[in-house]
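Following: one structure in structure tokens, then a few remarks.
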2 protein chains.
Amino acid sequence: MINEFPAALLPCATRASYKPGGLIFRVGSPSKAVFFVEAGAVRLMRRGRNGEEIVLYQARAGEFFAEASIDSVRYHCDAIATEATTVLKTTSADLLRLIADDPVFARQWISLLAHQLRAVRTRVERLSLKSASERVRHFLLAGASGADGDVKVNGTLKDLARELGLTHETLYRTIATMERSGQIARRGDGFRLL
Amino acid sequence: MINEFPAALLPCATRASYKPGGLIFRVGSPSKAVFFVEAGAVRLMRRGRNGEEIVLYQARAGEFFAEASIDSVRYHCDAIATEATTVLKTTSADLLRLIADDPVFARQWISLLAHQLRAVRTRVERLSLKSASERVRHFLLAGASGADGDVKVNGTLKDLARELGLTHETLYRTIATMERSGQIARRGDGFRLL
DNA sequence: CGTCGCATTGATATCGCTCAAATCCGGTGG
DNA sequence: CCACCGGATTTGAGCGATATCAATGCGACG
């Protein structure tokens, strides 16, 4: 897995900084670049016809975003910095050149895309669950990476609610109910499945 | 986009046939191969804890599946033929060799993964919509490829319901309501957004 | 001709959404 | 240091949409 910006691309990359709420690109604009988050966080989102926010992806430090736009003409979503953020951006052309010239990098890039694909499919699976508590349980199972089984939540619970396809009120209530009935334990921003 | 099996892989590929309902691989078994559907259809699915089916992907003729398993140890879902199906299967090792040796194929494979990624993200967006009619509308907008704006539904409406994260009863009712109120038109297995 | 699965519609219950209000907490400016 | 502000968190009340259970028709297929 790539979690550093490839050195071979550094010469062609440009650095950009954004304030919280800053717009990086907009849905429908020509997709010329692929991005890498150096620091901060970026939210990829679209708006439904009623104006509700749909978060497609939340990219954090060390992650690429808009990776799939290499052979797409336009961006399919808005990209907005949720905090103070610096990104590196390369043109699709440069990236394609590196892929063509460097088989090792091509292999890494394929791994990256495959990993993303598995992650998004996991999310589809989660959103296919009909009950709120099942989604929370699925989330905790998938994220069970912490040593003691604790899952740390990045960002606010409100953000998590959006990721789970729930309103924040429902998520708060669901967490409270699951905690009371002894299904999960909570410690600060960490959760554990019991 | 790749819609034929790459000739360079043919020597290393093996062909297999399955009857309707035949099991191709099971969740948790070691992922050694990547598959290509020659004819028929394959459903990638998991089961929730209540036994309900969650369809992750429906692969049809000319499509790969389990593409993301190249650098994964185990399959994360079941693969089942929904009709009489023949597949070509290659080992991950052979595929990786081709990627390393043939930059043009590597490029095509990256396009394939990027395309899959966009498709799954579209589905996440759809599942994030809270109302049944919004999901139907979103589906028809995304699939608006037909000449006269008609979207042909592959498979049964029951399958579509699963893809939209709805029960089949709700989908039937939603379609009926939208048709009565003039939002969509229906002609056999084709639908149009008005 | 019987069976099986899809399509369709009805009745009902439940879960999550919506609107609303109160509290908490971190940051900011005076 | 304190007052204030905005956003997150939490809980309440009520409603509506969707799931669930149930029944029927229909076509395909053996």
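A, B, ... follow the sequence lines: proteins, then strands. Residue 1 opens every chain. Keep in mind that this is a model prediction, so the values were computed, not measured.
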- Task: Verify side chain to side chain contact (heavy atoms under 4.5 Å, CB included) between F25(A) and D78(A), making sure each step is shown before the conclusion.
- Result: CA-CA 6 Å; F25(A) 56 74; D78(A) 294 335; over 6 Å; no
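The side chain to side chain donor-acceptor pair (under 3.5 Å) search around T177(A) returns none, not counting sequence neighbours. For T156(B), the side chain to side chain donor-acceptor pair (under 3.5 Å) test picks out D159(B), with sequence neighbours left out. Here R180(B) pairs with nothing under the salt bridge (charged side-chain N to carboxylate O under 4.0 Å, His left out) rule; sequence neighbours left out. With sequence neighbours excluded, no residue forms a salt bridge (charged side-chain N to carboxylate O under 4.0 Å, His left out) with R186(B). Under the rule for a salt bridge (charged side-chain N to carboxylate O under 4.0 Å, His left out), the partners of E53(B) that lie at least two apart in sequence or sit in another chain are R43(B), R47(B), R162(B). Partners of R15(A) by salt bridge (charged side-chain N to carboxylate O under 4.0 Å, His left out), not counting sequence neighbours, listed by chain and number: E38(A). Legend: residues meeting side chain to side chain donor-acceptor pair (under 3.5 Å) with H138(A), ordered by chain and number and at least two apart, are E125(A), R126(A). With sequence neighbours excluded, the residues that form a side chain to side chain donor-acceptor pair (under 3.5 Å) with D71(B) are S111(A).
Grouping the Ile, Leu, Val, Met, Phe, Trp and Tyr side chains by contacts below 4.5 angstrom, directly or via other members, places V55(B) apart from V136(B).
Heavy-atom contacts from other residues, nucleotides or ligands closer than 6.0 Å to CZ of R26(A) number 12 or fewer. Atom NZ of K130(A) has more than 12 heavy atoms from other residues, nucleotides or ligands within 6.0 Å.
DNA chain D is contacted by K130(B), S131(B), A132(B) of residues 124-137 of chain B, taking any non-hydrogen atom closer than 4.0 Å. Only at 4.0 angstrom or more do the heavy atoms of residues 46-60 of chain A sit from any atom of DNA chain C, so none qualifies.
I175(B) has its CD1 atom 8 Å from the P atom of dT8(C), to the nearest Å.
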- Query: How does protein contact run along nucleotides 7-12 of chain D, one letter per nucleotide 5' to 3', with B for base contact, S for sugar-phosphate only, - for none, heavy atoms under 4.0 Å?
  - Reply: -SBBBB
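Between the side chains of T170(B) and T167(B), at least one donor N or O lies within less than 3.5 Å of an accepting N or O.
Between T167(A) and dG16(C) there is no side-chain polar atom (N or O) within less than 4.0 angstrom of OP1 or OP2.
Axis angle, first five pairs versus last five pairs of the helix from dC1(C)-dG30(D) to dG30(C)-dC1(D): 40°, rounded to 10°.
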